[in-house]
Amino acid sequence: MEDNYDIPADPQMMEWVKSKIVDLGMTDRQMELLWNEEHDKELAKWIVHFDSIIGLFVQICYKKGNKQRAKQKHAEETESETASKKTAHSLLSDDEEEDDDQNKKDEDIVKTQYIHVSTKPDFNHDQALVLYFLRELKVEFTVDNVERKVQYGAIKSNPLHSLLEIMHDKMAPTLLKTQQQWPDSIKKEFSSSIHKFLASLTEASHRIKGQTVLYVPIEDIPSVKEARQNKDLFQRLEAALILWTEQIKEVVQEKEGSEHGDNASPLAEIEYWRLRTKDLRELNKQLESPDIKRIRDVLKTSNYIANFNTLSGEIQQGCDDAMNNLLYLSTLQEPCKKLSKAYAKEIPGLIPEILNMISMIWMMSKSYHTSERITGLLRKVSNEIIHRCCESISLDAIFDGKVQESMKCLDECVSAGHIWKTTCIETFDKLAKHYKEQNFSREFKYDQSSVFAEVDAFVQRCTDLNEVCEAQIQLGAKGSQCPTETGLPAFGGTSGPEITKSLLDIRKQFEQLIYNLRHLDYPILDVKSTKWHDDHGKFKAGIRDLELIMVNVL
C-alpha cells in the first residue's frame with residue numbers, strides 16, 4: 001500500500017521550518033523568489049510521516065555554469081554596500097533607483113540559483129548551502145516540543161569544512177572536558193583518537209582548497225616545564241609535530257609543480273605559482289603563531305624537533321622562490337590570456353610577444369633558466385595553441401561536407417603550428433648565439449622534441465583531415481557546382497544511366513567510409529589517440545579502391 005503524501009501538515013510546523021531555513025542561511029528574498037508548491041509538498045511529507053521519514057534536506061544550488069557568476073555577483077553586492085549608490089546627476093528618484101537595483105538582484109537570483117528539497121540527501125547538485133532537519137522515527141513533534149525533538153543545522157559548500165567547524169568548535173572541547181573523570185587508560189586512548197581524527201579532518205578539508213593548515217591540538221598547556229613533565233601530553237604534542245613534519249615535507253618537495261598535467265596551459269602555470277606563494281606565506285605565518293611556537297618550545301627535547309626545524313627553514317626559501325617565479329611569470333598573463341581566447345588565424349600574431357616574455361623570464365628569473373623549466377613552459381604554450389586550434393575546428397562540419405570553410409580553418413591551424421615552431425626555433429637560436437658571443441654565464445637550452453612533438457602530430461592530424469575534405473569534394477560531390485540533383489554531370493548515350501548508377505554506388509561506399517570515421521570511439525583531434533593512424537590508413541585504402549573503380553567506370 002502506497003503512503004498518502006497528500007495529508008495536510010500543521011501550518012504552524014510549516015512556518016517553523018521555513019523560519020529556521022532563513023535563520024540557517026537562506027535569505028527572505030531567496031525564499032520568496034525560489035520556494036514553490038513542490039517544496040511545500042516535500043516539507044509537508046516530512047512533517048506528516050514521522051513514522052517513516054527521518055530527514056529533510058534543503059539545498060540552495062547553482063544552476064549549471066552559473067556558480068562563478070553567482071559568486072561574482074555576491075562579491076559585487078558586498079562591495080556596493082560600502083560605496084555610495086547615488087550619483088549627483090541621477091535621473092531617477094531614490095525610490096526608483098532602489099527598485100531598479102532590487103529588480104536586478106531578483107533577476108540574478110532566479111537566473112543563477114534554485115532550491116532543491118528532498119527527504120534523502122542528494123549531493124549531485126552544485127550546492128552552495130545544505131540545510132538539514134533530523135528526528136527519530138515514530139516520535140511525533142509539535143510546535144511545543146520541536147526544538148527538543150528535531151536536530152537541525154547547515155553544511156556549507158565544503159561538507160568537510162562544516163564538519164571540522166562543528167567538531168573543533170563544539171564537539172571536541174565538550175568531549176575532551178567530559179572525559180576528565182574517566183580511567184586514565186581510556187582517557188589516553190580517547191584523547192589520542194580525537195586529536196588524530198581532527199588532524200586528519202583539518203588536513204583533508206583544507207587540501208580541497210589547495211591550502212596547507214597545521215592542526216593545533218586542543219590542549220591546556222600551563223607552562224613549558226609542566227608540559228614536558230606530563231608524559232601523555234608530551235606524546236600527544238609530539239604526534240602533532242610528526243604530522244606537521246609530514247605536511248611540510250610534502251609541500252617542500254612539491255617544488256616542480258608536477259601535478260599540472262600533460263595538457264596544462266601557461267595560465268595554469270601562473271595560477272599554480274600564485275596559489276603556492278599564498279600557501280607558503282600562510283604556512284609561514286602558522287609556524288610563527290604563538291600556539292605553534294609554544295608547542296615547539298615544549299618539544300625542544302624531542303627526537304623529532306631537529307627534522308621539523310630543518311624543514312620549517314625551507315618554507316621561507318620556498319616562499320621566496322615562489323614569489324620570484326610568480327613575479328616574472330606574471331608578465332605572460334596578458335599575452336597568454338589573449339592566446340586563450342584566440343582563433344587559429346589570430347595565433348601567429350600573438351607568438352612574438354609571448355616569446356619575448358619567455359626570453360626575459362629565462363634571463364631574469366632565479367629558477368626559470370634551466371632547460372627543464374623553459375621546456376615545460378614552452379610545452380604549455382604548445383598545449384594552449386593546440387587547444388585553441390581544436391576549438392576552431394568543427395568535425396561535424398567536415399563530415400557534413402562543409403568542405404570549403406573546414407579546409408580554410410584546417411589550413412589556419414596548420415599555419416599556426418608551423419609558425420609557432422619556426423618562430424620559436426629561430427628566436428631561441430639567435431638568443432643562444434647572442435649570449436654565447438657575449439660570454440653570458442647562462443646557456444640557453446631547451447628540448448625541441450618535447451616542445452614540438454605534439455604540435456607536429458597535431459599539424460599532421462589537420463593535414464589528414466584536409467585529405468578527408470578533398471575526398472569529400474572528389475567522391476562525395478561536396479561543393480559541386482553541377483546543377484543536377486545528384487551533383488553529377490549528365491552522361492549521354494546508351495551507357496549514361498549505367499555510369500550514373502555506378503558513380504552513385506561509389507558515392508554510397510564513400511559515405512560509409514565517412515560514417516566509419518565519424519563514429520570512431522575516441523576524440524579524433526587528440527594527438528594521443530594513436531589509433532587514428534590505423535583508422536586513417538583504412539580510410540585512405542578505401543579511397544584508393546574507389547578511385548580505381550571510378551577510373552574503370554569512366
Side-chain angles (χ1 to χ4, degrees), residues 5-6 8-48 55-134 143 146 150 152-159 161-162 165 208-209 341:
Y5 290 147
D6 295 327
D10 182 349
Q12 287 184 298
M13 284 302 308
M14 297 278 287
E15 288 306 312
W16 179 87
V17 173
K18 289 180 180 179
S19 69
K20 293 302 174 186
I21 290 173
V22 172
D23 291 344
L24 289 169
M26 194 179 297
T27 66
D28 290 317
R29 204 63 185 156
Q30 284 174 317
M31 284 291 289
E32 186 176 342
L33 294 170
L34 305 178
W35 192 272
N36 58 42
E37 290 183 4
E38 291 301 316
H39 301 142
D40 276 333
K41 288 180 182 178
E42 285 294 311
L43 173 55
K45 183 199 302 186
W46 177 72
I47 292 172
V48 171
L56 177 74
F57 300 89
V58 180
Q59 296 165 255
I60 306 174
C61 308
Y62 297 114
K63 291 182 179 179
K64 188 174 182 181
N66 281 284
K67 183 173 183 176
Q68 194 59 38
R69 177 183 168 186
K71 285 186 174 181
Q72 183 179 352
K73 190 69 178 175
H74 176 71
E76 289 172 356
E77 289 172 1
T78 303
E79 185 178 343
S80 69
E81 286 174 3
T82 60
S84 174
K85 290 183 178 180
K86 301 177 179 67
T87 60
H89 304 289
S90 174
L91 298 177
L92 299 172
S93 69
D94 289 348
D95 290 341
E96 288 173 326
E97 184 176 309
E98 288 177 8
D99 289 344
D100 188 54
D101 286 345
Q102 188 59 55
N103 289 337
K104 288 180 180 178
K105 290 178 182 178
D106 291 350
E107 182 182 349
D108 201 70
I109 288 174
V110 173
K111 283 183 177 179
T112 61
Q113 302 169 37
Y114 66 96
I115 294 174
H116 178 75
V117 180
S118 62
T119 54
K120 292 182 180 179
D122 182 0
F123 293 104
N124 291 320
H125 301 265
D126 191 3
Q127 66 266 355
L129 185 68
V130 180
L131 313 178
Y132 62 86
F133 297 83
L134 304 172
V143 174
V146 65
V150 175
Y152 54 89
I155 300 174
K156 297 176 184 176
S157 57
N158 181 351
H161 197 73
S162 295
E165 286 182 348
I208 293 173
K209 297 183 284 186
K341 299 175 182 177

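The shown structure was predicted, so the numbers you read here are calculated from the model rather than taken from an experiment. Worth knowing before you read on, the calculation uses all heavy atoms, side chains too, and leaves out hydrogens, waters and symmetry mates.
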Q | Backbone of H39 reached by a side-chain donor or acceptor of N36 within 3.5 Å | A |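 Between the backbone of H39 and the side chain of N36 there is a qualifying donor-acceptor contact (under 3.5 Å).
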Within the 4.5 Å heavy-atom criterion, are [X] and [Y] side-chain neighbours or not?
{"X": "Y152", "Y": "L56", "value": "no"}
{"X": "V58", "Y": "M26", "value": "yes"}
{"X": "F133", "Y": "T119", "value": "no"}

Q. Going by an N to O cut-off under 4.0 Å, is there a salt bridge joining E107 and K104?
A.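 No salt bridge links E107 with K104.
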Drop me the distance from [X]'s [atom1] to [Y]'s [atom2], to the nearest 0.5 angstrom.
{"X": "K18", "Y": "D23", "atom1": "NZ", "atom2": "CG", "result": "14.5 Å"}
{"X": "L33", "Y": "Q113", "atom1": "CG", "atom2": "CD", "result": "9.5 Å"}
{"X": "L24", "Y": "L129", "atom1": "CG", "atom2": "CG", "result": "8.0 Å"}
{"X": "I155", "Y": "F57", "atom1": "CD1", "atom2": "CZ", "result": "8.0 Å"}
{"X": "I60", "Y": "M31", "atom1": "CD1", "atom2": "CE", "result": "9.5 Å"}
{"X": "I21", "Y": "L131", "atom1": "CD1", "atom2": "CG", "result": "6.5 Å"}

Minimum heavy-atom separation for [X] and [Y], please, with both atom names.
{"X": "P8", "Y": "V48", "result": "O-CG2, 3.9 Å"}
{"X": "G55", "Y": "L134", "result": "CA-CD2, 3.7 Å"}
{"X": "M13", "Y": "V143", "result": "SD-N, 3.6 Å"}
{"X": "H116", "Y": "C61", "result": "CB-SG, 4.2 Å"}
{"X": "K63", "Y": "V110", "result": "NZ-O, 2.6 Å"}
{"X": "A9", "Y": "M14", "result": "CB-SD, 4.0 Å"}

Q.
Within the supplied structure, the quantity of interest is the number of heavy atoms (other residues, nucleotides, ligands) at a distance under 6.0 Å from Q12 CD; does it exceed 12?
A.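 At most 12 heavy atoms, drawn from other residues, nucleotides or ligands, come within 6.0 Å of this atom.
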Q: Show your working on side-chain contact (heavy atoms from CB on, under 4.5 Å) between W35 and D40 and close with a plain yes or no.
A: CA-CA 8 Å; W35 192 272; D40 276 333; 2.9 Å; yes
